[in-house]
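One structure below.
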Amino acid sequence: MTNRETASAPGKINIFFKVGALKSDGYHEVLSVYQALDLRETVSVTSAESWRVSVSGNISAEQISAVPTGEENLVVRAAKVIAELAGLERAHPINFEITKNVPVAGGMGGGSADAAAALLAVDELWCTGVDGEALMNSAAELGADIPFALLGGTAIGVGKGDKLEPIDDVKRLHWVLVPMDAGLSTPRVYAKLDEIRSARGENPEQVETPSKPYELISALQLGDAREVAKHLHNDLQEAAVALMPELSITMHAGLAAGALAAMVSGSGPTVAMLAESEAAAESIANHLSFEGYIAIPTFGPAKGTLMEHH
């Protein structure tokens, strides 16, 4: 029997997103509050003769076909990172089986979750016992959203969004997610925001440093969904809507179906809708499905990357 190890990692949404100044390296200073959702990606690994990636899951066939199955997939790069951290002469090829529940290209960190799960599963498969802190640092180099997929829960991200500070004692919130078929390019959304700011007479290079959303944090810890709804915010939303006006129609549909709030998550194009309860989330999702949307009820915060022991 060949050894097989399986790990799972959560997708995420951005429930608060502030964009500060455009810096000389082309990046913006950001402050984001991430929440991990109970939509988990699962990655199983076994030793193989050559690198192989197969993908299945609870998403559309078009979305599954959009996932790279060659060595450019982040899971293969994650395995090579483990080999490097463990000081192995070379990375032995692995067969990865990815089971996806997170919509592709919606800014929900599905690819990052796959990489996070691969890091843990490969470390276990090879019995390399890589140090946690070294793993976190290498994860950040592999992709900005991977450290959060490892951590899970709810956290504030600053810098490029990869320096994380967990928010503890966050009570459960119920969400409905509506992914869109078309993607939005993140650099285009940021460029559009700079353009909108300039048109308003603001200098994109002189935006003040975003400060922590204390009211949101206390609402999250109180578990008052109506209070949380008042403090959800995304600076990128107006730019995303300008590039993809139908996002506005989707958000209105969610509010009409009973959501407390509806927002574009990060640079989009996924729309996140906050519901008052699990029953309300089911009802909103049913309403939207009836109108032809893909609507996924879920909850957060969810645990970070975990080994799934058989």
**Request:** Ignoring hydrogens and angles, tell me if any N or O in the side chain of Asn101 forms a donor-acceptor pair with the backbone of Leu39 under 3.5 Å.
**Result:** no
**Message:** Between Thr128 and Asp123, is there a side-chain donor-acceptor contact under 3.5 Å, judged purely by atom types and distance?
**Reply:** yes
**Asked** Does a side chain donor of either Thr99 or Thr42 reach within less than 3.5 Å of an acceptor in the other side chain?
**Response**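 Judged by distance alone, the side chains do not pair up.
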Can you pull out every ring pair (Phe, Tyr, Trp, His ring centres under 6.0 Å) where at least one residue sits in [range]? Sequence neighbours excluded, please.
range: residues 77-126; value: none
range: residues 173-200; value: His28-Tyr190
range: residues 66-89; value: none
range: residues 195-219; value: none

**Prompt:** What residues form a ring-ring contact (aromatic ring centres under 6.0 Å, His included) with Phe16, not counting sequence neighbours?
**Reply:** His233
**Prompt:** If two hydrophobic side chains count as joined below 4.5 Å and joins carry through other members, does Val30 share a cluster with Ile196?
**Reply:** no
Show me, pair by pair, the donor-acceptor contacts under 3.5 angstrom made by side chains of residues 219-227, not counting sequence neighbours?
{"from": "Gln221", "atom 1": "NE2", "to": "Asp168", "atom 2": "O", "distance (Å)": "2.9"}
{"from": "Asp224", "atom 1": "OD1", "to": "Arg226", "atom 2": "N", "distance (Å)": "3.0"}
{"from": "Asp224", "atom 1": "OD1", "to": "Glu227", "atom 2": "N", "distance (Å)": "3.1"}
{"from": "Arg226", "atom 1": "NE", "to": "Glu276", "atom 2": "OE2", "distance (Å)": "2.9"}
{"from": "Arg226", "atom 1": "NH2", "to": "Glu276", "atom 2": "OE1", "distance (Å)": "2.9"}
{"from": "Glu227", "atom 1": "OE1", "to": "Lys230", "atom 2": "NZ", "distance (Å)": "3.0"}
{"from": "Glu227", "atom 1": "OE2", "to": "His231", "atom 2": "NE2", "distance (Å)": "3.1"}

**Item:** Under the salt bridge (charged side-chain N to carboxylate O under 4.0 Å, His left out) test, residues paired with Glu97 that sit two or more places apart
**Value:**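 Testing Glu97 for salt bridge (charged side-chain N to carboxylate O under 4.0 Å, His left out), a comparison that skips the adjacent residues, returns Arg4.
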**Prompt:** What residues form a side chain to side chain contact (heavy atoms under 4.5 Å, CB included) with Met307, not counting sequence neighbours?
**Reply:**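 Met307 satisfies side chain to side chain contact (heavy atoms under 4.5 Å, CB included) with Glu5, Ala7, Leu120, Glu124, His309 only.
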**Fill in**
Applying side chain to side chain contact (heavy atoms under 4.5 Å, CB included) to Val207 and not counting sequence neighbours gives Arg197
**Prompt:** Taking only residues at least two apart or on different chains, which pairs with a member in residues 203-223 satisfy salt bridge (charged side-chain N to carboxylate O under 4.0 Å, His left out)?
**Reply:** Glu165-Lys212
**Message:** For Ser112, give me all partners under side chain to side chain donor-acceptor pair (under 3.5 Å), at least two apart in sequence or on another chain.
**Reply:**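 By the side chain to side chain donor-acceptor pair (under 3.5 Å) rule, Ser112 matches no residue at all.
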Side chains of residues 236-248: which donor-acceptor partners sit under 3.5 Å, not counting sequence neighbours?
{"from": "Gln237", "atom 1": "OE1", "to": "Val264", "atom 2": "N", "distance (Å)": "2.9"}
{"from": "Glu238", "atom 1": "OE1", "to": "Arg200", "atom 2": "NH1", "distance (Å)": "3.2"}
{"from": "Glu238", "atom 1": "OE2", "to": "Arg200", "atom 2": "NH1", "distance (Å)": "3.3"}
{"from": "Glu238", "atom 1": "OE2", "to": "Arg200", "atom 2": "NH2", "distance (Å)": "3.3"}

